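Data first, discussion second: the structure below is written as structure tokens.
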Amino acid sequence: MAAKSPRSTKLSRDSIVNAAMTFLDREGWDALTINALANQLGTKGPSLYNHVHSLEDLRRTVRMRVVGDIIGMLNTVAEGRTPDDAVVVMASAYRSYAHHHPGRYSAFTRMPLGGDDPEFTEATHAAAAPVIAVLSAYGLDEQSAFYAALEFWSAMHGFVLLEMTGVMAGLDTDAVFTDMVMRLAAGMRSR
């Protein structure tokens, strides 16, 4: 349970979302409630409703922020690299983000890519854009690159989940991960 801390700044939507991001990484997605977050902020739940409409509004805003963070990260690490190098650094950055921000990562993977929220759907497709750009450098057309990006993400997500749940304990996960990513890159070249 999060310790109650005195409120040091005036509440705003942005400060509440920032607090929720921190809360997620410490307590997890399922623990995020208005009252739990208010307790962390040293206030009462109803005061948060002056800035967020509902728990779902807060969670959606957090998801959008996480997608933005991931887009920025992937664009930054891939910039100016060869396709193989870009694939490796993007995969490593994705894995690192998941490990350093497990609650945020969970928020990212909790909503369908093609769900009933057009803005979130657009944002998640934008998150795939840096990967698609790199995969297109292997000579893939736009649709093939999109499907390859889904394959790439599926491999990364599956690996990260297995690693985070302890299934791979005792293995040299760095070596296995690097080998998997290089096999994915080789598969792109052979297409």
Side-chain angles (χ1 to χ4, degrees), residues 2 7-41 43 45-79 86 89-136 142 145-161 164:
R7 188 169 73 189
S8 58
T9 60
K10 185 175 179 179
L11 288 179
S12 68
R13 184 173 180 86
D14 197 48
S15 69
I16 291 168
V17 171
N18 289 338
M21 301 268 285
T22 302
F23 180 93
L24 284 175
D25 288 337
R26 188 179 54 252
E27 304 294 331
W29 179 259
D30 294 327
L32 179 62
T33 65
I34 293 294
N35 287 334
L37 186 59
N39 186 48
Q40 174 184 296
L41 291 167
T43 190
S47 64
L48 270 61
Y49 288 114
N50 293 322
H51 307 282
V52 295
H53 302 293
S54 64
L55 177 60
E56 190 49 42
D57 174 41
L58 175 63
R59 287 182 169 191
R60 182 188 182 279
T61 303
V62 165
R63 286 183 188 114
M64 294 296 288
R65 177 87 58 89
V66 168
V67 169
D69 288 350
I70 290 171
I71 291 170
M73 172 195 61
L74 293 177
N75 275 323
T76 301
V77 299
E79 197 172 290
V89 297
M90 289 172 96
S92 296
Y94 181 88
R95 179 181 177 215
S96 179
Y97 185 89
H99 283 288
H100 286 94
H101 302 291
R104 296 175 201 196
Y105 182 74
S106 180
F108 175 65
T109 61
R110 292 281 180 132
M111 197 165 176
L113 297 178
D116 59 358
D117 182 337
E119 186 181 8
F120 184 77
T121 299
E122 183 179 325
T124 56
H125 285 251
V131 178
I132 291 169
V134 168
L135 298 178
S136 293
E142 187 176 334
F146 176 74
Y147 289 137
L150 288 175
E151 294 165 9
F152 179 79
W153 182 49
S154 297
M156 298 304 104
H157 181 64
F159 190 94
V160 164
L161 284 182
M164 291 171 85

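These numbers come from a predicted model, not from an experiment.
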- Message: When you measure from the side chain of His100 to the backbone of Ser96, do you find a donor-acceptor pair of N or O atoms at a distance under 3.5 Å?
- Response: yes
- Item | N-O pairing of Glu119 and Arg63 below 4.0 Å | no
- Query: Can you tell me how far the CG atom of Asn18 sits from the CG atom of Asp14, to the nearest 0.5 Å?
  - Reply: 4.5 Å
- Message: Keeping Arg59 on the side-chain end and Trp29 on the backbone end, is there a donor-acceptor pair under 3.5 Å?
- Response: yes
- Item | Reported OG1-to-CG distance for the pair Thr43 and Asn35, which is rounded to 0.5 angstrom | 10.5 Å
- Query: Is there a side-chain contact between His101 and Leu24, using heavy atoms and a 4.5 Å cut-off?
  - Reply: no
- Item | Parallel, tilted or perpendicular: ring planes of His157 versus Tyr105, cut at 30 and 60 degrees | tilted
- Query: Could you give the distance from CZ (Arg104) to CZ (Arg65), rounded to the nearest 0.5 Å?
  - Reply: 9.0 Å
- Could you check Val131 against Trp153 for side chain to side chain contact (heavy atoms under 4.5 Å, CB included), going step by step and ending with a plain yes or no? CA-CA 9 Å; Val131 178; Trp153 182 49; over 6 Å; no
- Item | Flag side-chain contact, heavy atom, 4.5 Å: Ser136 against Ile132 | yes
- Task: Taking Ser106 for its side chain and Pro102 for its backbone only, find out whether a donor-acceptor pair lies under 3.5 Å.
- Result: no
- Message: Looking at every non-hydrogen atom in both residues, tell me the closest pair between Val160 and Arg95 and how far apart they are.
- Response: CG2-CA, 4.0 Å
- Query: OH of Tyr94 to OG of Ser92: how many Å apart, nearest 0.5 Å?
  - Reply: 13.0 Å
- Just by modelled atom types, is the Leu11 backbone N or O under 3.5 Å from a matching donor or acceptor in the Ser15 side chain? no
- Message: Return the CZ to CG distance between Arg13 and Leu58, rounded to the nearest 0.5 Å.
- Response: 7.5 Å
